[in-house]
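First up is the structure itself, then whatever we jot down about it.
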Amino acid sequence: SQQGEEDPQALSIQEGENATMNCSYKTSINNLQWYRQNSGRGLVHLILIRSNEREKHSGRLRVTLDTSKKSSSLLITASRAADTASYFCATASEGTGRRALTFGSGTRLQVQP
Amino acid sequence: DAGVIQSPRHEVTEMGQEVTLRCKPISGHNSLFWYRQTMMRGLELLIYFNNNVPIDDSGMPEDRFSAKMPNASFSTLKIQPSEPRDSAVYFCASRHGLAGGNTGELFFGEGSRLTVL
């Protein structure tokens with residue numbers, strides 16, 4: 001089963017609006033990462049937040065992390081048509097020695113021009 | 001810098017045929033990952049290597065799948081014999097290993113789209 005589950009599965013907004021995507025996970029983590037995937041392309045890393053951080057910003061992106069609720073959110077402000085893509089959260093589990101990321105099911109974002 | 005390079009980008013084959021997917025990681029990266037993406041199951045880790053050594057192959061579906069990393073700049077994923085249910089996009093990703101075991105950013109290739117008829 002997926003370690004991370006994104007919510008909503010799909011989101012359609014108008015250009016200029018903000019988009020919020022949520023991710024829930026199951027086990028304790030070292031860090032949580034968000035990736036973007038354009039149609040037919042590979043995944044591209046957006047931002048990483050460590051387990052001891054609560055909020056992080058990068059340009060129009062804002063990520064929050066609540067380890068007590070095992071959840072994270074990705075906010076894209078002032079969205080553009082070029083932000084249309086699928087967005088995935090990925091977690092690195094703590095204490096298992098596993099070095100691989102586990103990906104969620106993704107949120108498909110459509111930004112209407 | 002060139003990113004992760006995968007080949008072929010598209011492969012269409014018939015059931016029972018052997019399929020070999022190739023990956024060249026980013027130079028200097030010492031960890032390499034193979035993922036499979038389908039609509040039904042999302043992104044699944046198949047196997048990953050650290051310093052050319054397979055570390056976790058628990059995601060490899062069955063004996064029909066095998067992966068090798070003969071050197072730091074090349075890896076293959078082989079399916080023999082292929083079946084229609086193997087149809088998916090296969091991604092290779094690489095990363096520079098970090099001290100302390102923390103998992104940092106992955107760099108993905110563009111994927112190999114496999115269709116088994």
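Lettering follows sequence order; numbering is per chain, from 1.
- With a 4.5 Å cut-off on non-hydrogen atoms, B/Gln37 touches chain A through its side chain but not through its backbone.
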Inset, instruction - List the steps, then state whether side-chain contact (heavy atoms from CB on, under 4.5 Å) holds for A/Tyr87 with A/Ile76. - result: CA-CA 11 Å; A/Tyr87 292 82; A/Ile76 304 174; 3.7 Å; yes

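- A salt bridge (charged side-chain N to carboxylate O under 4.0 Å, His left out) check over residues 63-81 of chain B, counting only residues at least two apart or in different chains, returns the pairs B/Glu18-B/Lys78, B/Glu62-B/Arg64, B/Arg64-B/Glu83, B/Arg64-B/Asp86.
- In this structure, chain A has no heavy atom under 4.5 Å from any part of B/Phe107.
- Distance SG/A/Cys89 to CD1/A/Ile47: 13.5 Å, rounded to 0.5 Å.
- Taking CD1 of B/Ile47 as the reference point, atom CZ of B/Phe33 lies at 11.5 Å (rounded to 0.5 Å).
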Inset, instruction - Report the C-alpha separation of A/Phe103 and B/Phe108 in whole Å, then their side-chain angles, then the decisive distance to 0.1 Å, and conclude whether the ring pair (Phe, Tyr, Trp, His ring centres under 6.0 Å) test is met. - result: CA-CA 13 Å; A/Phe103 286 83; B/Phe108 280 80; 5.8 Å; yes

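- The interface of residues 37-45 of chain A with chain B, defined by heavy-atom distances below 4.5 Å, comprises A/Gln37, A/Gly40, A/Arg41, A/Gly42, A/Leu43, A/His45.
- Scanning both residues, B/Glu14 and B/Ser82, for their nearest heavy atoms gives O-OG, 3.5 Å.
- In this structure, B/Leu21 CG and B/Gln6 CD are separated by 8.0 Å, a value rounded to the nearest 0.5 Å.
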